[in-house]
4 protein chains.
Amino acid sequence: MLVIMKRERIESPAVETRAPGRPRSEEAHDAILGAAVALIREVGYDAVTMEGIAAKAGVGKATVYRRWKEKETLVIEAIGRIVAAIPIPDTGGAEGDLMALMRAALGMYADPASGLLLSGLVAAMARSERIAHAVRTGFDATWRAAVRQVLERAVARGELRAGLDIRLATDVIGGPLFYRYLMSGGPVDEPLAREIVSILLRAFAREGGG
Amino acid sequence: MLVIMKRERIESPAVETRAPGRPRSEEAHDAILGAAVALIREVGYDAVTMEGIAAKAGVGKATVYRRWKEKETLVIEAIGRIVAAIPIPDTGGAEGDLMALMRAALGMYADPASGLLLSGLVAAMARSERIAHAVRTGFDATWRAAVRQVLERAVARGELRAGLDIRLATDVIGGPLFYRYLMSGGPVDEPLAREIVSILLRAFAREGGG
Amino acid sequence: MLVIMKRERIESPAVETRAPGRPRSEEAHDAILGAAVALIREVGYDAVTMEGIAAKAGVGKATVYRRWKEKETLVIEAIGRIVAAIPIPDTGGAEGDLMALMRAALGMYADPASGLLLSGLVAAMARSERIAHAVRTGFDATWRAAVRQVLERAVARGELRAGLDIRLATDVIGGPLFYRYLMSGGPVDEPLAREIVSILLRAFAREGGG
Amino acid sequence: MLVIMKRERIESPAVETRAPGRPRSEEAHDAILGAAVALIREVGYDAVTMEGIAAKAGVGKATVYRRWKEKETLVIEAIGRIVAAIPIPDTGGAEGDLMALMRAALGMYADPASGLLLSGLVAAMARSERIAHAVRTGFDATWRAAVRQVLERAVARGELRAGLDIRLATDVIGGPLFYRYLMSGGPVDEPLAREIVSILLRAFAREGGG
DNA sequence: TCCTAAGCGAGACGGTACGTCCAGTCTTCGT
DNA sequence: ACGAAGACTGGACGTACCGTCTCGCTTAGGA
C-alpha cells in the first residue's frame, strides 16, 4: 500500500564548502519540484516533459538540469513530494485502528489524480530500479510502518496472535485495494475495507481466541 | 490477478464481415511481433522504437501503425507473447486447486518479462479506458473465471461456506502477489502463496467447520 | 499563350448500365481523367495525389496505374484536356481580331482556378521535359496558331508589314499578361490588353504606314 | 522580370529588439543554405529533401525548420543564392541602357538552375500570398526599379515620351522573355532582346521624334 | 567599489523518434 | 479478365523532446 508522505531531498549539491558565485535559488528549486508534482498529477508520469516542467516553473531548462542530471532523478524527488502524512491511529482496538488506516488509503484512491500517479509510478518502477527504490523506501515504507505499529500494538494487547507475519499481513491488507484499483476495476470502498479487516482479524486471531 | 492468456489481440480490425481489398498479411503481423519481442529482450522496454521494430521486421512503418495505433499497445502485446496460458486445475480439494492456481501465477511473476508487461499494462490502462476494458475482459477475466470455478467447486463440496463473496475472495488471493510484485518488492514465492491460501481457507471455511 | 476552357464533365456515375462482367474501361478512363483535371484546378498540380484522383474517380489505384505508368504521364494527359477550342476571330481588322484574342485570354486569367493551374503547370514543365512538351504542343500551340492566323491575315490585308516575326509578335502579345499574372501581380485587364495591342500595331505597322 | 538579388531573407525572425536566449547561429544558417544549393545542383529540385539538407549541413532538422517553415521556402531562398545582383546601367542612351538590363536578364536565363528557380517560385507564389509578396517586393521589385530608373532617365533626356506607362513598359520588356522561357520554349537570346528593345523604343518614342 | 565566479531565464543546438502521408506495387474477391 | 478495395515497402514530412550550449544579465563574496 502506499500512502504518500513527507520526504526530504534526494539529490542535492554538496553544500559543505562555501561556493563562490551566485548561490542557487531556493525559489527556483521549489518551483521546479512543485511544477513536476503538479504535472505528474495532471498528465501522468509518461507525459511529463522536462520542458513542460521548466516552463510551468517559469525557469530555464538549464536551471533544471543543473540540479537534476536527468528526468528520472527529478521525477523521483518530485514523487517524494506527493506525500500525505499518515497519522498512526490509536482507537484502543485492532479493528478500529486498521479501519482508520484503511480509510486513509481509501481517501487516496478516491483522489482522481491517483490513478495516473499510481500507474505511472508502477511503470516507472518497473523501468528504473532507482525509482523503485525511492518509492519503496519512500511512501510505501511509511504505510508499512504505520500498519506494523498498529499490528504490534494489537499483538501486545493480545488481540492478534504473537508471531504473525507482519509483512504478509500488510500485503494482505493493502494488496486487494491496490489490485482492484489498478487492475480489476472493482469498487475500492468502505465495504471492501471492512471485509478485508475482518478476514485479517479472523485469520490472525490469537490462538484459542474468538 | 492476471495470468496472460493466448493472444487476445487488444487492437484488432473488425473481422465480422469479409473485408474487400487485400487482406492483412499474417506474416507481417508475426514478423512485427517477433521483432518487438526480440528488441525488448535486446535493448529493453524503453529503448524499443517503432522504427527499429519495423526495420527489424522488414516492414514499412505504416504496416505497423495500421495494426497498432501506438507504441504502447504493440509493446504490451509483444510482451504478452512471452507469457503463457493458465489451465483450470482439479485436484479434488480446495487447497490443492488454489495452490495450483497460485503456482501458475507464481510462474508468471517469475518470468522477468512480467514486470514490464504488468507495469506497462497498468500504465496503459490508466491512460486508456479502451485498453483497461480489453485487459479486464481479457487477461484478468480469464484468471477470475478460473478462481471462480475453483471456489464454486469448493463450496459445492462443502469445503467453503456458501454465499462467500467470490469477487472479494479473488482479490484477496491475487492482490497481495500483485502488490508485492509491483510495489513493495517482497518475494512472490511459494510460502507467500501458501499463507494466502491458508488465510482464505480459514476466513471462508464452512461455518462450524474445522 | 494558353487559353483554358471551362470544361465540366467531371463526374461519371451513370451506373445505370447493367454490367454483365464486362469491362467498362472507357468510363473508368474518363472518370480518372476528369478527376485529375478537377483536382489540378482545385488544389494545384503539386497537391494532386494519385490516391486523391483514384478516390475522386471512384476507382482503385491499380486501375489508374494500369493505364498510366506514373503520375506524370497521367497529369500530362489530364492537362491536355484542359484546353478550350479558341475561336479564331474575324472582325475585319487587325485590332479587332487581336482584341478578340486578348479577351479570350483575359477570360482565362479571370478564372480563379487558373492561377493554381498555370503555376502548377509551369513548375511541372520545369521538372519534366515530357510535360513541357505536352503543354507546348497542347494548349500553347493552339493559342499560337490562332495568333498566327490573325497576324497573317493582317499582313495579307496590308495592315501589318510583311515579314514580321510572328513568333516574336506572339510572345509580345502574350508575355506581358503571363508575366503580370504570375509574377508582378498587376491587373490583367482590358486596358492592359488594349495597350499591348496598340504597341504591337505601332511596332509592326506597314512601313510607311500611318 | 526578375533578376535575383542579394539575399532578401523570406523568413526571418523579428530582429528589431534584442531577442533573449541564445542567438541563432549564422554558421548553421549558411551551412543549411549551402547544403541546399549543393543538393539542388546534385540531385535536382524535386529530389531535394529537408533531411538530406540537414544531414549535409551537419545540422538538426529542428534547426532547419526553425528558420524555414517549409521546404519550399528554404529551397526558394537557396536557389536565390545562385543568382547575382543587377547593376543599374548608364550608357548614356536608352537603347544601351535597356540592352544592358536585357543582358543581365539573359544571363540569368542562361543559368540552368534558373528554370527550376523560376518555376518553383511561381508555383510557390500561387500557393502562398506571403511568398508572392516576398518575391514581388524582393526579387521582382529590384528589376522593376532598375527598369524604371533607366526609363525615367530616357524620358528626362527626351528619348522617350513623357507620361509613358512605366509599369506597362516594364512588363513589355520582361514579359516576353519570361513567357518564352517558362512556357513557349523559344530561344531567350540577344536577338529577342534586341527586338523587344526596338519595339519598346518605337512604341514609346517621343511624339514627333524620330 | 569593483572583480569574478556562478547563478538566472530564454531559447538555439544536434539528435532521435514520433505518427502521418504518398508513390508505386501487389493481392484478394466479386462481377 | 476486369475492376474496386485496400494492404504492401519505402521514405520524407513536420513536430516534439532530450540533454547541452550560449546569450546577456543578476547576485553574491572577496579583493
Side-chain angles (χ1 to χ4, degrees), chain A residues 18-25 27-28 47-55 57-71, chain B residues 13 18-25 27-29 47-55 57-71, chain C residues 18-25 27-28 47-52 54-55 57-72, chain D residues 13 18-25 27-29 47-55 57-71:
Chain A
R18 181 60 50 84
R22 178 175 176 176
R24 292 191 181 168
S25 151
E27 281 177 34
V48 171
T49 68
M50 289 302 250
E51 300 202 330
I53 292 171
V59 139
K61 279 170 67 177
T63 301
V64 179
Y65 279 102
R66 205 171 286 121
R67 290 169 164 74
W68 295 274
K69 200 183 145 9
E70 57 209 351
K71 186 179 169 179
Chain B
R18 178 64 48 85
R22 178 175 176 176
R24 293 193 180 166
S25 153
E27 281 178 33
H29 201 101
V48 172
T49 68
M50 291 300 251
E51 302 200 329
I53 291 170
V59 139
K61 279 170 68 177
T63 300
V64 179
Y65 280 104
R66 206 172 284 122
R67 292 168 162 73
W68 295 274
K69 204 187 139 12
E70 48 193 10
K71 181 182 168 178
Chain C
R18 61 214 77 112
R22 273 310 170 196
R24 42 180 271 205
S25 81
E27 274 179 39
V48 171
T49 68
M50 290 301 251
E51 301 200 330
V59 138
K61 279 169 66 178
T63 303
V64 179
Y65 280 103
R66 202 172 289 124
R67 290 157 205 287
W68 294 274
K69 197 182 147 7
E70 59 211 349
K71 186 179 170 181
E72 184 176 87
Chain D
R18 179 64 47 86
R22 179 173 175 176
R24 294 192 179 166
S25 153
E27 280 177 34
H29 200 102
V48 171
T49 68
M50 291 299 251
E51 301 200 330
I53 291 171
V59 139
K61 277 170 70 176
T63 300
V64 179
Y65 280 103
R66 207 171 284 124
R67 292 169 162 74
W68 295 275
K69 203 186 141 12
E70 49 195 10
K71 181 181 170 179

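Below, read A as the first sequence line, B as the second, and so on, with proteins coming before strands; counting in each chain starts at 1.
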Q: Does E:dG7 have OP1 or OP2 under 4.0 Å away from a side-chain N or O of A:S25?
A: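 No, no such contact exists.
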Q: Can a side chain N or O of D:K71 be found less than 4.0 Å away from OP1 or OP2 on F:dG14?
A: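 So the side chain of D:K71 is outside the cut-off, no N or O lying under 4.0 Å from OP1 or OP2 of F:dG14.
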Q: Tell me, please, which residues at least two apart from A:E51 pass side-chain hydrogen bond (donor to acceptor under 3.5 Å, both in side chains).
A: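 In terms of side-chain hydrogen bond (donor to acceptor under 3.5 Å, both in side chains), with neighbours along the sequence ignored, A:E51 is linked to A:K61.
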Q: Rounding to a whole Å, what distance do you find between A:E51:CD and E:dT16:P?
A: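 It is 17 Å, rounded to the nearest whole Å.
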Q: Atom CD of D:E70 to atom P of F:dG14: distance rounded to whole Å?
A: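 Value for this atom pair: 7 Å.
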Q: For F:dA4 and C:T63 - does any side-chain N or O of the residue sit under 4.0 Å from the phosphate oxygens OP1/OP2?
A: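 Yes, such a contact exists.
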Q: Who are the side chain to side chain contact (heavy atoms under 4.5 Å, CB included) partners of B:A62, not counting sequence neighbours?
A: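 Here the qualifying residues are B:R66.
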Q: For D:G58 and for B:M50, find the nucleotide of DNA chain E with the closest heavy atom, then tell me which residue's nucleotide is more 5'.
A: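 Counting from the 5' end, the first nearest nucleotide belongs to D:G58.
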Q: Tell me which of D:A57 and C:V48 sits closer to the 5' end of DNA chain E, going by the nucleotide each one is nearest to.
A: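 Comparing both residues, the 5'-ward one is D:A57.
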Q: Pull out every protein N or O sitting under 3.5 Å from an N or O of nucleotides 20-22 of chain F, one pair per line with the distance.
A:
{"residue": "F:dC21", "atom": "O2", "partner": "D:R22", "partner atom": "NH1", "Å": "2.9"}

Q: When we call it a touch if two heavy atoms are under 4.0 Å apart, what does C:G52 touch: a base, just sugar-phosphate, or nothing?
A: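 Nothing, no heavy atom under 4.0 Å.
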Q: When you measure from the side-chain N and O atoms of D:R67 to the phosphate of F:dG14, is any distance below 4.0 Å, counting only OP1 and OP2?
A: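 No, D:R67 has no side-chain N/O under 4.0 Å of OP1/OP2 on F:dG14.
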Q: In whole angstrom, give the distance that lies between atom CD of A:E27 and atom C1' of F:dT27.
A: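 Taking atom C1' of F:dT27 as the reference, CD of A:E27 is at 13 Å.
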Q: Taking atom C1' of E:dA17 as reference, at what distance in whole Å does atom CD1 of B:I53 sit?
A: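 Going from B:I53 (CD1) to E:dA17 (C1'), I get 12 Å.
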Q: Where is the tightest heavy-atom contact between A:A28 and A:R67, given as atom of each residue plus distance?
A: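 Closest approach of A:A28 to A:R67, heavy atoms only: CB-NH2, 4.2 Å.
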Q: Just jot down the salt bridge (charged side-chain N to carboxylate O under 4.0 Å, His left out) partners of A:E27, sequence neighbours excluded, or say none.
A: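 With sequence neighbours excluded, A:E27 shows a salt bridge (charged side-chain N to carboxylate O under 4.0 Å, His left out) to no residue whatsoever.
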Q: Specify the residue among C:V59 and D:T49 whose closest nucleotide of DNA chain F lies further upstream toward the 5′ end.
A: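 Counting from the 5' end, the first nearest nucleotide belongs to C:V59.
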Q: How long is the span from the CE atom in D:M50 to the CH2 atom in D:W68, to the nearest 0.5 Å?
A: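 Nearest 0.5 Å value for the CE-CH2 distance: 8.5 Å.
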Q: Taking all non-hydrogen atoms of both residues into account, name the closest pair between C:K71 and C:V48 and its distance.
A: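 Minimum heavy-atom separation between C:K71 and C:V48: NZ-O, 2.8 Å.
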Q: For A:R22, check side chain to side chain contact (heavy atoms under 4.5 Å, CB included) against everything at least two apart and list the hits.
A: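 Counting only residues at least two positions away or on another chain, A:R22 forms no side chain to side chain contact (heavy atoms under 4.5 Å, CB included).
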